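Just below is one structure, and these are the notes that go with it.
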Amino acid sequence: MQEHQLVLILDFGGQYNQLIARRVREHNVYCEVKSYKTPLAEIKAMNPIGIIFTGGPGSVYEADSPKCDSGVFELGVPVLGICYGCQLMAAVLGGEVTPAVNDSAREYGKTATVYDTGCLLFKGLPTEGVSWMSHGDYMAKLPDGFKLAAHSAACPNVAIADASRGFYGVQFHPEVNHTENGSAMLRNFLYEICHAEGDWTMEDFKKRSIAAIREKVGDGQVLLALSGGVDSSVAAALLAEAVGQQLTCVFVDHGLLRKNEGDEVEAAFARWDINFVRVDAGARFLGKLSGVSDPETKRKIIGEEFIRVFEEESHKIGRVDYLVQGTIYPDVIESGLGDAAVIKSHHNVGGLPEYVDFKEIIEPLRQLFKDEVRQLGRELELPEYIVMRQPFPGPGLAIRIIGDITEPKLAILREADFIFRDEIANAGLDSAMNQYFAVLTNMRSVGVMGDGRTYDYTLALRSVTTTDFMTADWARIPYDVLDRVSVRIVNEVPHINRVVYDITSKPPATIEWE
């Protein structure tokens, strides 16, 4: 029996779709993202209090464009269509959508917009603001019963509404930060239109997750892949509360960790009442990675080797039924969710081998974004230094070394990365950045050191600010801080004679280089 209200998000393949889920959950309303192909019977069985259609790259008048079951509009449930979702609603309910007749009718980026605050969607908001547009199609005719609720200089139907049936559509993206008061618009849909009660919180998620884990595991034995990062640490704490001594945490030191990290992880978990096993597998991983330069191949090798190590440790422990991983939503999305393109496979998602010697893999954080994982960590009373630990990818420094991986390269990168992180902390900037690290490139260049010619590596520094790790902007580190970092690295770390700073946002880049 469902214990909380649910908003259903139907995914039509747009780039911001998972952000919608995050925004809804920020307003303490539980939501699930499902494909637009979800059968009507399944949707009805979920008993949603509201449905949101996401954006998407298609055009509704094309024969192969994604379309959900039109019976959704007969459920008596409020529907909010965003961008493509708005146009789909208009087309299905009897309106007309066509390609924009001229360039001025197409809108992309920040757009001055005027709102009708008599519409519940814009209740209590300013009458004017900036919205983030991304549409090349035009609603030439509105369906019967709909009224205009917002307009811009180029488009008279930026938002439409049929209040009697609870159907609303916007041609912009309220889920992105670029849209002023966009979060408040979504809140209005949830509370003014769907009459949400706000009955979902991280405390509730924790309780439901613990109960679900206990029910699934029963008297089984559980093995958890503990890296010491935020995700696996929160997963460990969650499982510890759920099954206690049935849990064994295996920390695989694959030789690809940051400076001193292995010892720090072991020390951090020494005081906890868990079965902690540290496996020194550095030589094994480096042997498998010898001569490998392709980043996807690196990830696949590391993913498989992780599983094999866990299998071996489970055999030493005795019977182990379940493997737990700290997979989170961005991992799933970037590894290819539904019809989405694979950006890069993650070692704990797309990098898994076909055969795994466990009854089942448990991923309790699979539906959470990074900031939600941190919230859950605080609910579980994890120390703040664990909750706010710098993100570190499962493959470790293997994907921060461009080209083949060797012990000398690892030594170079560990020292350079340590200096970068040390100077950021000394400058008091560590809390102002969401992720920062060094990358050892495979490029060498000529330099001059001690009146002599050098021909050594170029080191790249990377730092970003982000709220969800789905999009990110490069951090504006003060020049004097970058100067100190550069001076220390070239003087203290052998074989680096040039330091550069990456000023590329995500997209088009990813946060990690590989």
Side-chain angles (χ1 to χ4, degrees), residues 9-17 20 36 51-75 77-122 127-176 178-179 182 185-186 188-189 193:
I9 299 173
L10 288 185
D11 183 353
F12 290 90
Q15 62 178 319
Y16 301 125
N17 296 348
I20 301 172
Y36 69 91
I51 298 173
I52 299 177
F53 292 175
T54 74
S59 294
V60 297
Y61 46 78
E62 295 174 346
D64 59 350
S65 62
K67 296 179 177 66
C68 61
D69 191 313
S70 61
V72 165
F73 296 106
E74 305 298 326
L75 297 177
V77 174
V79 178
L80 171 63
I82 295 175
C83 198
Y84 176 88
C86 172
Q87 294 161 1
L88 177 65
M89 178 188 297
V92 171
L93 294 178
E96 182 181 353
V97 179
T98 65
V101 292
N102 53 57
D103 289 340
S104 64
R106 300 182 179 94
E107 294 180 304
Y108 299 97
K110 295 179 180 180
T111 305
T113 307
V114 178
Y115 307 102
D116 175 6
T117 56
C119 172
L120 287 179
L121 197 61
F122 307 119
T127 56
E128 297 184 20
V130 171
S131 61
W132 185 261
M133 297 286 190
S134 183
H135 69 94
D137 290 334
Y138 180 76
M139 288 186 288
K141 175 188 174 185
L142 299 187
D144 291 341
F146 278 80
K147 295 181 179 179
L148 301 179
H151 68 272
S152 66
C155 183
N157 46 29
V158 166
I160 59 175
D162 181 344
S164 64
R165 290 187 286 178
F167 297 158
Y168 296 81
V170 294
Q171 299 239 60
F172 56 88
H173 288 271
E175 70 273 22
V176 302
H178 301 297
T179 296
M185 296 171 194
L186 289 173
N188 279 343
F189 176 70
I193 297 166

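Owing to the predicted nature of the structure, the values given are computational and were not obtained by experimental measurement.
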If you round to the nearest 0.5 Å, how far is [atom2] of [Y] from [atom1] of [X]?
X: I52; Y: I9; atom1: CD1; atom2: CD1; value: 5.0 Å
X: R165; Y: L93; atom1: CZ; atom2: CG; value: 5.5 Å
X: T127; Y: D116; atom1: OG1; atom2: CG; value: 10.0 Å

Subject >> Summary of salt bridge (Lys or Arg N to Asp or Glu O under 4.0 Å) pairs that have at least one residue in residues 138-150, sequence neighbours excluded >> reply: none

Between [Y] and [X], is there a side-chain heavy-atom distance shorter than 4.5 Å?
X: N188; Y: L120; result: no
X: M185; Y: F122; result: yes
X: S65; Y: Y84; result: yes
X: V92; Y: V60; result: no
X: I82; Y: H173; result: yes

**OP:** If the plane angle is over 60° it's perpendicular, under 30° parallel, otherwise tilted; pick one for F167 and F146.
**Re:** parallel

**OP:** From the options L121, T113, V158, select the one residue that forms a side chain to side chain contact (heavy atoms under 4.5 Å, CB included) with V170.
**Re:** L121

Minimal non-hydrogen separation, [X] against [Y], with atom names:
X: V97; Y: A90; value: CG2-CB, 4.4 Å
X: T54; Y: G13; value: OG1-N, 4.2 Å
X: A149; Y: A161; value: CB-CB, 4.4 Å
X: Y115; Y: A150; value: CD2-CB, 3.8 Å

Original post:
Do side-chain atoms of Y168 reach the backbone of C119 as a donor and acceptor pair under 3.5 angstrom?
Top reply: no

**OP:** In sequence, state the C-alpha distance, the side-chain angles, and the governing distance for C83 and F12, and then conclude on side chain to side chain contact (heavy atoms under 4.5 Å, CB included).
**Re:** CA-CA 10 Å; C83 198; F12 290 90; over 6 Å; no

Original post:
Can you name the side chain to side chain contact (heavy atoms under 4.5 Å, CB included) partners of E74, sequence neighbours left out?
Top reply: none

Original post:
Taking only residues two or more places apart in sequence, or in another chain, which ones meet N157 in a side chain to side chain contact (heavy atoms under 4.5 Å, CB included)?
Top reply: Y138, M139, L142, L148, C155, I160, Q171

Original post:
F73 and F53: aromatic ring centres closer than 6.0 Å?
Top reply: yes

